[in-house]
Structure formats: C-alpha cells, structure tokens
Visitor: 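The structure is given below, and queries will be raised subsequently.
Just so it is clear: chains get the letters A, B, ... in the order the sequence lines come, proteins before strands, and each one is counted from 1. Any value given below was found using the heavy atoms of this structure, including those in side chains, with hydrogens, waters and symmetry copies removed.
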2 protein chains.
Amino acid sequence: MALAANLKSNDRLYQDLARSLLAELSSGRYPVGSRLPAERDLALRYEVSRPTVREAIIALEVQGLVEVRIGSGAYVKRLPGEEDRPGFNVTAFELTEARLLFEGESAALAATQVTDADIAEIEVLVQRIAEENQDPNGTESADREFHLAIARVTRNVAVFNAIERLWDLRASSPEAALLHEKARHANVKPVVEEHSAVLDALRARDPNAARAAMRAHLSAVLEGLLFATEERALAAARKATQARRERYARATA
Amino acid sequence: MALAANLKSNDRLYQDLARSLLAELSSGRYPVGSRLPAERDLALRYEVSRPTVREAIIALEVQGLVEVRIGSGAYVKRLPGEEDRPGFNVTAFELTEARLLFEGESAALAATQVTDADIAEIEVLVQRIAEENQDPNGTESADREFHLAIARVTRNVAVFNAIERLWDLRASSPEAALLHEKARHANVKPVVEEHSAVLDALRARDPNAARAAMRAHLSAVLEGLLFATEERALAAARKATQARRERYARATA
DNA sequence: TTCGGCGAATTGGTATTACCAGAAAGTTTC
DNA sequence: GAAACTTTCTGGTAATACCAATTCGCCGAA
C-alpha cells in the first residue's frame with residue numbers, strides 16, 4: 001500500500017513524502033519514541049529512491065519531529081501537533097484571564113490613540129458579529145477581528161502581537177476552542193452589546209470607560225467559560241478556577 | 001578553499017555543511033535574493049557528494065532560509081538573524097509601554113495569588129539587583145528575574161509567557177538593549193526602591209497597590225528611556241513619543 | 001537594428017548502485 | 001550463565017546517470 005498514489009506530486013517528492021510521514025505521525029501510527037521503518041523499507045513502500053527518503057527524513061529532523069540515530073533508525077521525537085513554543089498548553093481559563101487583563105489595558109490605550117477612521121472600521125466589525133450570527137465560524141472570526149482591531153488602534157506593535165498571540169493560542173488549543181464554542185452559542189446578543197459599550201467608550205476617548213467595558217465583556221466571557229466547563233462535567237477544573245475567580249474578584253472589588 | 005577542513009565533523013556531514021552555509025549567509029556573502037552556487041559546485045568546493053549538498057540545502061529550505069527553484073538554483077530567502085516571528089522590530093518605547101500595561105496587571109493578579117514562599121523568593125531577587133550593581137549584565141539579569149518572578153506568581157501561563165516574550169524581544173532588539181543600558185546606569189537605587197514598593201504591595205496582598213507600584217516603576221523606566229533617547233539625539237523619535245506620552249498621561253490622569 | 005524563436009548549456013530532481021561505519025542481535029565459547 | 005565474537009541491519013556517504021525545467025545565447029526574420 002502507500003504507493004506513489006498517496007503523494008500529491010505537486011511539490012517535490014521529498015516534500016510529498018515528508019507530508020505523508022507527517023500524516024502518519026499525526027494518525028498516531030508512530031507514537032513518540034517509536035522507530036520509523038528503515039530508509040530502504042520506506043523507499044520500497046513509497047516507491048521512491050533512498051536519497052529521496054533521506055531528504056524527507058532530514059526535513060522532519062530539521063523540524064525537530066524525529067531524531068536519527070546512526071546505525072539504529074529514525075525515532076519520533078515530537079508529534080506534529082505538539083508545538084514546542086512555550087505556553088502551548090494553557091487552559092481556556094488562563095487564556096481568557098490573560099485577555100481580561102491585557103485587553104482591558106489595550107482598550108484603555110486605544111481610547112487615547114483612536115481616530116475617527118478607526119472607529120468607523122470597528123463599527124463595521126461590531127455589525128458583522130450580529131450579521132454572521134448564523135455561522136459559528138463567522139462569528140468566531142468577526143469576534144477575533146474586533147478585538148485585534150482595538151489592539152491595533154493602540155499603535156503599539158508589542159501590545160498587538162501579545163494579544164494576537166493569545167488568540168492564536170486559543171485557536172491551537174482544542175479545549176479552549178470547544179469551550180468557547182459551547183459558551184458563545186446563546187450569547188451572541190450580549191456580546192454585541194458589550195462590544196458596543198467598548199466602542200462607545202472609544203468614541204468618547206475615555207480610557208477608563210474603555211478599560212471597564214472591555215473587562216466587563218471579558219468577565220462575561222469568563223463566566224460563560226466557567227459555565228461551559230461546568231456543563232462538561234469538569235467539576236474538578238471548576239473547583240480550582242472558581243476559587244481563583246472568587247479570590248481575584250474579592251481582591252479587586 | 002572551503003575544504004573539508006572547514007567542517008567540524010562532529011555531526012553528520014550535511015549538518016556541518018548546513019552550518020557552513022549558514023555562516024556564509026550571516027557573513028553577508030550571499031544577501032537576500034542572491035543565488036547560491038550550484039549543487040555540483042558546492043559539492044566540489046566542500047569536497048562532499050551532491051546528495052550531501054542536497055541534504056544541507058533541504059535543511060536550509062525547511063528552515064525557510066533559502067528557496068529552491070527547479071532548473072534555476074537555490075536563492076536566499078531570509079537571513080539567519082532575521083527572525084520571522086512578527087513583532088521583532090518593535091521600538092524600545094513600545095516594549096516598555098506594553099510592559100507598563102501588562103506588568104501592572106500581572107502585579108495586581110500576583111497580589112491575589114502570592115504565597116509566603118513567593119515573597120521570600122522575590123525578596124532575594126530585589127537584593128540581588130542592589131548587590132550586582134557593578135555588573136551591568138548582572139543587574140540586567142536580576143531585573144529580568146524579578147519581573148518574571150512576579151509574572152510567575154500569577155500562576156497564569158499565558159500571562160507569564162506574554163511578559164517573558166516582551167523581555168525576549170527586548171533582548172533581541174539592539175536599540176532597546178542599548179537604550180536601556182544607558183538609561184539604567186544612574187538609576188540602580190531608584191530601581192531597587194521601586195521594586196521594593198511592588199514587593200510591599202505583594203506582602204499586603206493589595207492588588208491595586210501592586211498595580212500602582214509596578215506602573216510607577218515602569219513609568220520611571222519609560223522616562224529614563226525617553227531621556228536616553230533624547231541624549232542619543234533621536235530628536236525625531238522623541239517628538240513622536242513625547243506627544244504620545246503626553247496624550248496618554250493626560251487621558252489617564 | 002531589433003525582436004522573436006530555437007536550441008544548447010546549466011541546474012535541480014530523482015534513481016541506482018556501492019561501500020563504509022555504527023548499532024543491534026544472534027551465536028559461540030568459556 | 002556470562003563474556004566475546006560474528007552476523008546482520010541500520011544509517012552515512014559517494015559516484016554516476018538520466019530526466020525535466022530553466023536560462024541564455026545564437027541566429028534568423030522583420
């Protein structure tokens with residue numbers, strides 16, 4: 001099996017082969033620590049030459065996915081999905097808490113920098129969320145765009161990138177994506193209202209109001225998240241986050 | 001020239017060769033857009049076989065450093081030093097402003113989560129700054145450790161990573177490093193006092209005081225930064241940042 | 001002179017074969 | 001049963017050949 005027919009053949013052979021091997025890693029066929037077939041065997045199986053197999057394996061090696069031991073074989077070092085960048089495995093709660101802190105300040109700074117053109121752009125994004133209500137993916141995208149647009153208004157690349165990164169982490173965390181989807185379903189209207197409140201604060205160029213509105217919005221998201229967590233019977237997780245939430249709410253009240 | 005003697009030969013040949021090519025890219029011999037010698041030429045020059053040359057080039061290609069065009073050659077796509085992660089070119093002002101916003105919240109959250117053990121650890125770090133006064137690198141390192149320790153106390157990995165990333169960006173920005181070094185020289189004692197103020201707020205478990213102390217500290221850093229910028233006769237930059245600073249100060253007053 | 005096209009030279013893409021060195025497993029020997 | 005040897009398997013590297021895509025110069029036509 002696994003002949004040349006499996007290869008897409010738009011790229012070079014080694015790239016196709018690397019992609020195929022990547023897919024096999026993702027499929028769980030070769031768990032971390034296991035050994036890949038010998039180069040000669042892979043060459044036979046995929047009907048390519050051994051140099052081509054070596055090129056594909058080197059491509060995986062450079063990416064840190066496999067480790068080649070001379071005379072022994074190529075061993076799986078890391079699975080494709082497991083990013084090596086730190087902070088990949090953050091909980092949905094941590095991500096949203098971080099957004100609550102950072103995006104609140106982002107909104108406050110944005111209120112001091114915002115222009116009329118910015119406001120017009122953000123108005124469109126607020127509308128889009130309401131319009132794309134029917135399509136879950138659509139609202140997800142529009143929601144992201146709204147928050148990133150505000151971060152962009154700060155005119156601070158470091159601030160923008162930090163917040164964008166939080167969204168990227170959320171996208172790459174299956175748990176977070178799942179929880180947010182569950183949490184958002186019944187909440188599209190409140191989200192629009194809360195976004196509008198932030199927009200109003202920006203219009204008024206009032207940083208404190210913008211911070212408060214953004215924090216109120218993300219506090220609501222956090223609440224929804226905890227509710228969704230509870231629904232999924234993650235009782236243990238809820239216990240920990242609940243205590244934490246109360247402690248933080250009590251301290252900042 | 002450039003015989004096998006250039007290769008370190010501890011690793012596999014393709015790795016040595018890739019390292020040699022990387023060094024040549026860094027040396028500016030092959031600027032972005034230029035073409036590398038043909039595989040056959042490289043094989044002759046480095047006294048290796050063409051498959052080995054191909055493996056090395058593929059290693060560079062996977063890293064996004066070169067782009068191989070069939071029938072044409074391998075072209076330099078990106079230089080080794082130039083990180084492709086976004087936000088690499090942020091100004092020192094942007095970085096410190098972002099820290100002012102984010103680390104203020106980090107300190108506030110930390111004040112709600114801090115334990116006695118955390119406080120003991122941070123006390124040591126505050127002391128180290130005063131002690132390592134003579135060694136610029138030492139104070140730089142101790143300064144970083146202090147701020148990251150507080151971020152760690154939040155128990156929020158997303159928060160910690162975001163702040164750590166800001167420090168990493170600062171380290172990789174020559175301009176920021178230079179400016180901070182100039183700005184810090186006469187300010188070690190104030191820094192220790194400001195850090196102590198943050199520590200006191202943590203001891204009191206007072207998030208609002210912690211936020212205020214951290215923001216005051218980073219505001220002072222920002223002032224020093226602007227002063228250093230001025231000293232370096234970056235009048236134009238100062239004009240932009242000055243106006244920005246005033247607008248933000250006026251709005252949040 | 002200029003422009004278009006054709007063809008040779010160059011370059012990367014891939015396959016084949018061969019041999020070496022390190023590692024692992026099996027066998028023999030004590 | 002354990003140690004030493006031997007066989008076998010594995011990756012590392014080299015050499016060669018041929019194909020396909022590109023490039024570029026030559027040449028002829030306008």
Side-chain angles (χ1 to χ4, degrees), chain A residues 2-21 24-25 29-30 33-78, chain B residues 2-21 24-25 29-30 33-78:
Chain A
L3 307 180
N6 282 7
L7 308 179
K8 304 196 175 177
S9 73
N10 277 338
D11 298 325
R12 283 176 282 166
L13 268 186
Y14 96 82
Q15 293 175 336
D16 288 331
L17 180 53
R19 207 186 345 265
S20 292
L21 292 177
E24 296 221 56
L25 292 189
R29 175 164 181 180
Y30 299 112
S34 66
R35 211 203 69 170
L36 260 53
E39 293 179 354
R40 291 168 177 84
D41 293 339
L42 285 175
L44 284 177
R45 219 198 289 184
Y46 285 93
E47 294 181 346
V48 295
S49 67
R50 188 150 88 97
T52 300
V53 172
R54 286 184 55 76
E55 291 173 356
I57 288 181
I58 283 174
L60 298 182
E61 188 181 25
V62 170
Q63 295 178 64
L65 295 172
V66 302
E67 175 190 354
V68 177
R69 298 180 204 155
I70 301 178
S72 178
Y75 294 82
V76 179
K77 193 174 173 186
R78 169 171 73 82
Chain B
L3 307 180
N6 281 7
L7 308 179
K8 305 195 174 175
S9 74
N10 277 338
D11 297 325
R12 283 175 283 165
L13 269 187
Y14 97 81
Q15 292 175 337
D16 289 330
L17 181 53
R19 206 183 349 262
S20 292
L21 293 177
E24 295 222 58
L25 292 189
R29 176 164 180 179
Y30 300 112
S34 66
R35 210 204 69 173
L36 261 52
E39 293 180 354
R40 292 167 176 84
D41 293 338
L42 286 174
L44 284 177
R45 219 197 290 182
Y46 286 93
E47 294 182 344
V48 294
S49 66
R50 188 152 87 97
T52 300
V53 172
R54 286 184 55 76
E55 290 173 356
I57 289 182
I58 283 173
L60 298 182
E61 187 182 25
V62 170
Q63 295 178 65
L65 295 172
V66 302
E67 176 190 354
V68 177
R69 299 179 203 157
I70 301 178
S72 178
Y75 294 82
V76 180
K77 193 174 172 185
R78 170 172 71 85

Visitor: Using 0.5 Å steps for rounding, measure from the CG atom of B:L60 to the CG atom of B:L36.
Guide: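 Going from the CG atom of B:L60 to the CG atom of B:L36 covers 7.5 Å.
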Visitor: What integer distance in Å separates A:E47:CD from C:dA15:C1'?
Guide: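 Interatomic distance, CD of A:E47 to C1' of C:dA15: 13 Å.
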Visitor: Looking at five pairs on each end of the helix from C:dT1-D:dA30 to C:dC30-D:dG1, what is the angle between the two axes, given to 10 degrees?
Guide: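 Overall, the helix from C:dT1-D:dA30 to C:dC30-D:dG1 bends by 0° from one end axis to the other.
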Visitor: Nearest whole Å is fine: how far is D:dT10 P from A:R40 CZ?
Guide: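 From A:R40 CZ to D:dT10 P: 8 Å.
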Visitor: Return the value, rounded to whole Å, for the distance between atom CZ of A:R54 and atom C1' of D:dA15.
Guide: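 So the two atoms are 15 Å apart, to the nearest Å.
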Visitor: Given side chains that start at C-beta, do those of A:Y46 and A:L21 come closer than 4.5 Å, heavy atoms only?
Guide: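 With C-beta onward as the side chain, the pair touches.
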Visitor: Report yes if at least one side-chain N or O of B:R12 is closer than 4.0 Å to OP1 or OP2 of D:dT13; otherwise report no.
Guide: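 Answer is no, no contact under 4.0 Å.
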Visitor: Which pair of heavy atoms, one from A:Y30 and one from A:R35, lies closest together, and at what distance?
Guide: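 So the minimum-distance heavy-atom pair works out to CD2-O, 4.0 Å.
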Visitor: Would you classify A:R69 as touching base, sugar-phosphate or nothing, given that sugar-phosphate means primed atoms plus P, OP1 and OP2, and contacts are heavy atoms under 4.0 Å?
Guide: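 It contacts sugar-phosphate atoms only.
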Visitor: Measure across A:Y75 and A:G33 and return the closest heavy-atom pair with its distance rounded to 0.1 Å.
Guide: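 So the minimum-distance heavy-atom pair works out to CD2-O, 3.6 Å.
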Visitor: Which heavy-atom pair separates B:L42 from B:P37 by the least distance, and what is that distance?
Guide: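 Reported closest heavy-atom pair: CD1-O, 3.7 Å.
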Visitor: OP1 or OP2 of C:dT11 sitting under 4.0 Å from any side-chain N/O of B:R35?
Guide: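 Answer is yes, contact under 4.0 Å.
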Visitor: Tell me whether B:Q63 contacts the main-chain N or O of B:A59 through its side chain, where contact means a donor paired with an acceptor under 3.5 Å.
Guide: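 Present.
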Visitor: Starting from P on C:dT14, measure out to CG on A:L13 and report it in whole angstrom.
Guide: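 Checked: the CG to P distance equals 4 Å.
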Visitor: Would you mind reading off the distance between B:I70 atom CD1 and C:dT14 atom P, rounded to a whole angstrom?
Guide: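 These atoms are roughly 7 Å apart.
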Visitor: Can you tell me the distance, in whole Å, between the CG atom of B:L44 and the P atom of D:dT13?
Guide: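 Going from CG in B:L44 over to P in D:dT13 covers 18 Å.
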Visitor: Can you tell me how far P of D:dG12 sits from OH of B:Y14, to the nearest Å?
Guide: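 Nearest whole value for this atom pair: 8 Å.
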Visitor: Can you tell me how far P of D:dT13 sits from CD of A:E55, to the nearest Å?
Guide: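 The distance from CD of A:E55 to P of D:dT13 comes to 14 Å, rounded to the nearest Å.
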Visitor: Choosing from D:dA14, C:dT14, C:dG12, which nucleotide comes nearest the side chain of B:V48?
Guide: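 Per side-chain heavy atoms of B:V48, the pick is D:dA14.
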Visitor: In Å and rounded to the nearest 0.5 Å, what is the CG to CZ distance from B:L17 to B:R12?
Guide: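 The CZ atom of B:R12 is 13.0 Å from CG of B:L17, to the nearest 0.5 Å.
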Visitor: Can you figure out which of C:dC19, C:dT11, C:dG12 approaches the side chain of B:E39 most closely?
Guide: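 Nucleotide nearest to B:E39's side chain: C:dG12.
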Visitor: Between A:T52 and C:dA15, does any side-chain N or O lie under 4.0 Å from OP1 or OP2?
Guide: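 Result: yes.
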Visitor: A:P51 or A:S72: which one's nearest nucleotide on DNA chain D is closer to the 5' end?
Guide: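 Nearest-nucleotide comparison on DNA chain D picks A:S72.
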Visitor: Closer to the 5' end of DNA chain C via nearest nucleotide, is it B:A38 or A:S49?
Guide: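 Upstream on the strand: B:A38.
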